[in-house]
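Down below is the structure, laid out as structure tokens.
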Amino acid sequence: MPTKPAQGRRHWLVKSEPDVFSFDDLLKRPDKTTHWDGVRNYQARNTMRDDMKKGDLVFFYHSSADPTEIAGVAEVVRDGYPDPTALDPKDPHFDPKSKADAPSWYMVDIKAVEKLKRPISLAELRTMKGLEKMTLLQKGSRLSIQPVTEAEWKIVYAAGMKG
DNA sequence: GCCAACGTTGGC
DNA sequence: GCCAACGTTGGC
């Protein structure tokens with residue numbers, strides 16, 4: 001499958017606690033790929049179900065870490081589809097209200113593309129020109145899956161790859 | 001560990 | 001439909 005041309009790509013940021021699942025963990029997965037399951041927030045669900053498309057690029061952010069930082073770049077390799085963990089009573093993310101024929105929760109598959117040469121911490125992001133409106137930096141922003149504009153993407157990526 | 005901000009639930 | 005109570009997120 002050919003890679004989507006850069007023009008059509010949208011950009012996202014996903015949060016993960018590295019103690020639970022880090023960017024290095026993603027790199028170690030078979031085919032460097034995982035299901036982004038267990039998300040139980042409607043706005044994040046809508047983003048995965050409706051907006052994230054194969055070929056889109058994703059910043060992998062380490063939350064609840066020291067320091068909190070953007071660690072790497074991943075790529076969406078499968079569009080949104082129902083999250084089976086919502087239907088599994090033994091799964092910690094089980095949702096009794098979700099039904100197989102009317103799934104409440106969705107996930108995408110993401111694949112590691114490259115680690116940043118230099119991770120960019122939240123503190124540094126706050127100092128960088130052009131990121132003032134970045135969703136991650138807004139007060140009270142808790143969204144675990146959020147959009148990144150192309151301009152924001154370029155600024156952060158350039159800094160992270162400068163080494 | 002604290003706590004502000006936010007999302008969800010449920011009583012009314 | 002309102003909103004108080006509760007649970008969670010996540011930076012510090």
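Throughout, a chain's letter reflects where its sequence line sits, starting with A, and its residues are numbered from 1.
Gln138(A) places its CD atom 16 Å from the C1' atom of dG10(C), with the value rounded to the nearest Å. For His93(A) and dG7(C), the NE2 to P distance is 18 Å, given to the nearest whole Å. Put simply, CG on Asn41(A) is 11 Å from C1' on dT8(C), counting in whole angstrom units. Per the geometry, CE belonging to Met134(A) stands 13 Å off P belonging to dG11(C), to the nearest Å. To the nearest angstrom, C1' of dT8(C) lies 15 Å from CG of Asp95(A). Atom pair Lys15(A):NZ and dG10(C):P shows a separation of 4 Å (rounding to whole Å applied). As a whole-Å value, the separation of Leu122(A) CG from dG10(C) P is 12 Å. Here dT8(C) presents its C1' atom at 14 Å from CG of Leu143(A), a figure rounded to the nearest Å.
Checking dA5(B), dG10(C), dT9(B) against the side-chain heavy atoms of Lys97(A) singles out dT9(B) as nearest. Closest to the side chain of Lys139(A), from the set dG10(C), dC12(C), dA4(B), is dA4(B). Among the nucleotides dG11(C), dG10(C), dT8(B), the one closest to any side-chain atom of Arg142(A) is dG10(C). Picking from dT8(B), dG7(B), dC12(C) the nucleotide with the shortest atom distance to the side chain of Tyr42(A) gives dT8(B).
Using a cutoff of 4.0 Å between basic side-chain nitrogens and carboxylate oxygens, Lys115(A) and Asp24(A) are scored as salt-bridged. By the 4.0 Å N-to-carboxylate-O rule, Glu75(A) lies close enough to Arg9(A) to be salt-bridged with it. Contact check on Arg45(A) versus Asp83(A) returns no salt bridge, with no Lys/Arg side-chain nitrogen under 4.0 Å from an Asp/Glu carboxylate oxygen.
The minimum heavy-atom distance between Ala112(A) and Phe23(A), with the atom names listed, is CB-CZ, 3.9 Å.
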